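The structure under discussion appears below in the form of structure tokens.
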2 protein chains.
Amino acid sequence: MSTESRTSQPETRDRILDAAERLFVEHGFEGTSMRMITGAANANLAAVNYHFGSKDALIQAVFRRRLTALNEARLAALDRLEAEAGGSPLKPSRIVEAFFGTALALAADTEHGGNLFMRLLSRTYNEPNAFVRQFLAEEYAEVMDRFLGALFRALPGVPRGEVMWRFHFMMGAMSFAIAGIESVHAMAGMPYEADDPSKLLPRLMSFLLGGLRAPLPEFGATDPD
Amino acid sequence: MSTESRTSQPETRDRILDAAERLFVEHGFEGTSMRMITGAANANLAAVNYHFGSKDALIQAVFRRRLTALNEARLAALDRLEAEAGGSPLKPSRIVEAFFGTALALAADTEHGGNLFMRLLSRTYNEPNAFVRQFLAEEYAEVMDRFLGALFRALPGVPRGEVMWRFHFMMGAMSFAIAGIESVHAMAGMPYEADDPSKLLPRLMSFLLGGLRAPLPEFGATDPD
DNA sequence: ATCTCTTTCAAACGTTTGTTTGAATCATAC
DNA sequence: GTATGATTCAAACAAACGTTTGAAAGAGAT
């Protein structure tokens, strides 16, 4: 049994990853049991521990499989921008698009489950689970460094602390953009007009760039009006 | 035992609510066991079921205690604005400030644990737990209705769908603003310069208003640049 | 056919989970 | 004091949890 089983199912390892990804989105990490995963993957209960070692290791594998590719695509997009610019400073809008556009492209991929993963990832930024946070921080270190550096150079007049905060705010907006396509309707009783997912990126980009370019806050005054 | 126990501890019911709130922030709902809660609250294991009925009911009680007050404060702030305006349309910035400023004021309250709760609330928007989502949707229905309606009237030229999406994006930015005061540093290796929490509101407001006022997206063009 | 390595399987492991029980303890009123 | 109602307590409950085990089954090479 090298690539395909007796039936034409994918490898057990991949079936487990797919099932786990979907179930983590629906029920969270702690709300998803090994039996749910192996059941949905048509695998034996012991298969997770055999292929991955533990549940925590499986969680990491689910993330690594997609996150590595996503962040490499982000870095490649930034590389391309910097190569085109040839030393001259980048436009902030291009940097933002390289980071968030790449993410939303994956979130729009319903074919290979990228949308599921992005919903999982969005939620996990606020995950209390200690080792997941640690893992995400490591996985994001290089990308954050590169993109924040690019933004610092693109916005030389803006204090770095403000840039970082605004980048953080943008991450929040993106998180809700991805995770909340249905929650926004549920909360507001919206008619749910079957939003075109392709409209999400322009919508989000307008908002993000408006926020990024906004006048800097004035901390002193209490009522600037 | 009417208000105080033999020692001068608060009522068991309140000790449980406080302990649960803190532990939910640190470990999430499923990651927090009844034994952790009652242990931290110096109460017997059966106390939660006696006072609240079940763990799920306790979760709801934790939310209701703070959320009702928060949303009432939001509605009161909006009432005040509308009374001052006396029929004329409100400034969008005031509406946004009434909604998000009220939340950040609670998030800045380290004295009575409001900051803990707001971190919990921010995370819970993306909670997969079905009954928690349902509960939040109900608890937010009126506030959403009022504030979205006010924004619709304040921005008559903007399609309602766009306003709703931007409000949703704003919620995401606020969520990260509150939940991520440390995660933004962890991810970017920021020097953690002991940010003044009082600066968070002006920071966030600038970003939100910039995003809200941004030019509307153009869906047709692929490269508006 | 036999050996070797990988994968699958059913069963059980010891913990931990949320909840329930019935007696003990408390405060208060009669 | 004694009865009443509310609260606390130690103990136990069945169910579910992640993990481990040792045997069975499969695949490929010699």
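Values in this document were obtained by computation on a predicted structure and should not be read as measured data.
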Identify each atom pair where a protein N or O and an N or O of nucleotides 18-23 of chain D are less than 3.5 Å apart, giving names and distance.
unit_1	atom_1	unit_2	atom_2	d
dG18(D)	OP1	K55(A)	NZ	2.7
dG18(D)	OP2	M34(A)	N	2.8
dG18(D)	N7	R35(A)	NH1	2.9
dG18(D)	O6	R35(A)	NH2	2.9
dT19(D)	OP2	N49(A)	OD1	3.4
dT19(D)	OP2	K55(A)	N	3.0

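- To the nearest angstrom, P of dG18(C) lies 9 Å from CD1 of I59(B).
- Not one N or O on the side chain of R94(B) forms a donor-acceptor pair closer than 3.5 Å with the backbone of L81(B).
- For dT7(C), the OP1/OP2 oxygens have no side-chain nitrogen or oxygen of T12(A) closer than 4.0 Å.
- A sub-4.0 Å separation between OP1 or OP2 of dT8(D) and a side-chain N or O of H51(B) is present.
- One interatomic measurement links the two molecules: CZ of R15(A) to P of dT7(C), which rounds to 13 Å at whole-angstrom precision.
- Exactly one residue among T68(B), L75(B), L67(B) makes a side-chain contact (heavy atoms from CB on, under 4.5 Å) with N71(B). That residue is L67(B).
- Taken from CG in L200(A) to CE in M205(A), the straight-line distance is 11.5 Å, to the nearest 0.5 Å.
- Put simply, the side chain of M174(A) reaches to within 4.5 Å of the side chain of Y125(A), judged on heavy atoms.
- Side chain of T102(B) to main chain of A98(B): a donor-acceptor pair is present (N/O by atom type, distance under 3.5 Å, no hydrogens or angles).
- At least one donor-acceptor pair closer than 3.5 Å links the side chain of K55(A) to the backbone N or O of F29(A).
- For the pair R13(A) CZ and dT7(C) C1', the interatomic distance rounds to 14 Å; values are reported in whole Å.
- When rounded to the nearest whole Å, the span between CG of L23(A) and P of dC17(D) equals 12 Å.
- Remark: C1' of dT7(D) and CD1 of I16(B) are 11 Å apart, rounded to the nearest angstrom.
- One interatomic measurement links the two molecules: CG of D14(B) to P of dT7(D), which rounds to 12 Å at whole-angstrom precision.
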